[in-house]
Amino acid sequence: MTLVVLIALALWLTASVANQFPGPWTGLLSGLNTFALLPRLHFFAPDPIDVDYHLVFHDFLADGQASPWRQIPTERNGPTRILWSTAKRDHQAMLTTVAGLAGLQQSVAPVVRDPLAAIQLSLPYLFLLHRARQAPRFPESHERQFMIVETTGFGTSRQVALGILSNPHRLD
Amino acid sequence: MQDLGPAYLLMLRICGVGILIDALERMVSIAKYRDDGSYGWIVLRQRLVSLPAPLRRLGDALFQGAGRLMTVLAVRIVALAFVALGVAGSPGFAIGLTLLIVTQIYICVRTGGFGAIGADPMTLVVCGAAWLAIVVAGTPLAAWAGLWFVAAQSCLAYLVAGVSKLKSPAWRSGAAMAGVLSTHTYGSPRLHALVSARPRLSWFLCWSVMLWEATFPVVLVAPDPIVLLWFGVGVLFHVSLAALMGLNLFLFAFSSTYVAIWAVTH
């Protein structure tokens, strides 16, 4: 049994090293990453995370009018976050989602027959749509459109940019 | 060969603090895992649509709703108590460690990688190595190899992080620190103002992080004072990230690996 364990540890370490570099093995290793077996730890590198992402939405009412844009509130932890941080996974989920959609836009959309469907049926898109749909609606709302807004900086030096704009989706 | 049981126990106890905090954080946030929450199974199950119907039904049976996850988190806390308070190699320890791994994999599959952070795989590295070495093999050679495995994974993680920053113009110029600190998520207005007004400070902080990370593997061969200094900087680094960015679980997952490094080099 010792030999089996030594081989398992060696294979795990080899796969972890290979996982740091893109290559023909990437697809094979992605299966293992479903179980978070392989660390890929670049800690804000090579591109530092220098924007915040905000999920905003508005509704189209029955008469065709659009409601004002509203933001899905983002949880923020206070000074206790050194030990207690329930918001960190939400921040990471947003980063993963935006990166996933950007990857689809760049690499998948150009090579499929229906790029819009490929994006709208993707899990990152459905994740955002689901979050946007959970926000309260006006009684007369019948479609909802969401948008990812990128911001950077604070106060008067804050910069805002449009990241992703969805199609309107029926609320029924 | 020295008895490595105490080293495994200390490593698992430090890592276990993070496991406990994570389980409690998820429990108080359980509403996010209901079908009307951010991580509702109703959405995350969509990645199973290409699988055969029996597998989809199995997925639904295992992961639907938030109640099952709540139960798994409770099991995880009990399992952690058996590991942290047990004796390495005892039946309670073995069952507890096995449950810790099974429940971690359950959570990973349930959440589909949404919200996954770098501390998760390192936690699995620590628990998985201990499980393979102590529970599966139970021999001194396997125990020694398990700790070397954790030490190697730790050095790999820091080395890769350091080298990827060294290749980045934003990190080399010092702009990266001001950039990260300019976000609400990971920064603060006061710190952003501080480093923006002092480019040399930003440059110094960037290069300190890059060089410390990239040279971390020296802990495998350096004399004890250097090793302790590198570990001290590591703890300070992770405490800073936890205080500033809320990345609290990295502190426990990564500092637990320092025990493995110390054990295999002494």
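The sequence lines fix the lettering, A, B, ..., with proteins before strands; numbering per chain opens at 1. Please read all numbers here as calculations on a predicted model, not as lab measurements. Only this structure's heavy atoms are used, side chains among them; waters, hydrogens and symmetry mates stay out.
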>> So, taking the atom named OG in A:Ser16 and the one named CZ in B:Phe149, what distance separates them when rounded to the nearest 0.5 Å?
In response: 5.5 Å

>> Can you tell me how far apart OG (A:Ser85) and CD1 (B:Ile21) are? Round to the nearest 0.5 Å.
In response: 10.0 Å

> Between A:Asp52 and B:Thr183, is there a donor-acceptor pair closer than 3.5 Å when you use the side chain of the first and the backbone of the second?
Replying inline: no

> Relative to chain A, which of B:Ile105, B:Val160, B:Thr139 shows the most heavy atom pairs under 4.5 Å?
Replying inline: B:Val160

>> Using 0.5 Å steps for rounding, measure from the NE2 atom of B:His184 to the CZ atom of A:Arg158.
In response: 4.0 Å

>> Would the distance check show the side chain of A:His130 and the main-chain N or O of B:Gly37 forming a donor-acceptor pair, the cut-off being under 3.5 Å?
In response: yes

> B:Val109, B:Leu241, B:Ile107: which one forms the most heavy-atom pairs within less than 4.5 Å of chain A?
Replying inline: B:Val109

> Going from CG on B:Leu191 to CZ on A:Phe154, what distance comes out if it is rounded to the nearest 0.5 angstrom?
Replying inline: 9.0 Å

> In terms of heavy-atom pairs under 4.5 Å, which option from B:Gly118, B:Ala145, B:Ser38 contacts chain A the most?
Replying inline: B:Ser38

> Any idea which of B:Asp22, B:Leu166, B:Val239 has the most non-hydrogen atom pairs under 4.5 angstrom with chain A?
Replying inline: B:Asp22

> Among A:Leu126, A:Thr96, A:Ile49, which residue forms the greatest number of heavy-atom pairs with chain B at distances under 4.5 Å?
Replying inline: A:Ile49

>> Among A:Leu121, A:Leu83, A:Val4, A:Val51, which residue has the highest count of heavy-atom pairs closer than 4.5 Å to chain B?
In response: A:Leu83

> Under 6.0 Å from the CH2 atom of A:Trp12, do we count more than 12 heavy atoms belonging to anything else shown?
Replying inline: yes

> Would the number of heavy atoms belonging to other residues, nucleotides or ligands and lying under 6.0 Å from CD of A:Glu75 be above 12?
Replying inline: yes

>> Below 4.5 Å, heavy-atom pairs only: which of A:Ile82, A:Leu13, A:Asp50 has the largest tally toward chain B?
In response: A:Ile82

> Of the backbone (N, CA, C, O) and the side chain (C-beta and beyond), which part of A:Leu6 lies under 4.5 Å from a heavy atom of chain B, both, or neither?
Replying inline: side chain

>> Does the plane of the ring in A:Phe127 sit parallel, tilted or perpendicular to the ring in B:Phe114? Use 30° and 60° as the thresholds.
In response: parallel

> Stepwise, does the side-chain contact (heavy atoms from CB on, under 4.5 Å) test hold for B:Asn248 with A:Arg81?
Replying inline: CA-CA 7 Å; B:Asn248 54 344; A:Arg81 62 179 171 258; over 6 Å; no

>> Is A:Leu95 close to chain B through its backbone or its side chain, or both, or neither, when contacts mean heavy atoms under 4.5 Å?
In response: side chain

> Who wins among B:His238, B:His192, B:Lys165 for the most heavy-atom pairs under 4.5 Å with chain A?
Replying inline: B:Lys165

> For A:Asp90, is it the side chain, the backbone, both, or neither that has a heavy atom closer than 4.5 Å to a heavy atom of chain B?
Replying inline: both

> Any salt bridge between A:Lys88 and B:Glu25, counting N to O under 4.0 Å?
Replying inline: yes

> Who wins among B:Lys167, B:Met245, B:Met122, B:Met177 for the most heavy-atom pairs under 4.5 Å with chain A?
Replying inline: B:Met245

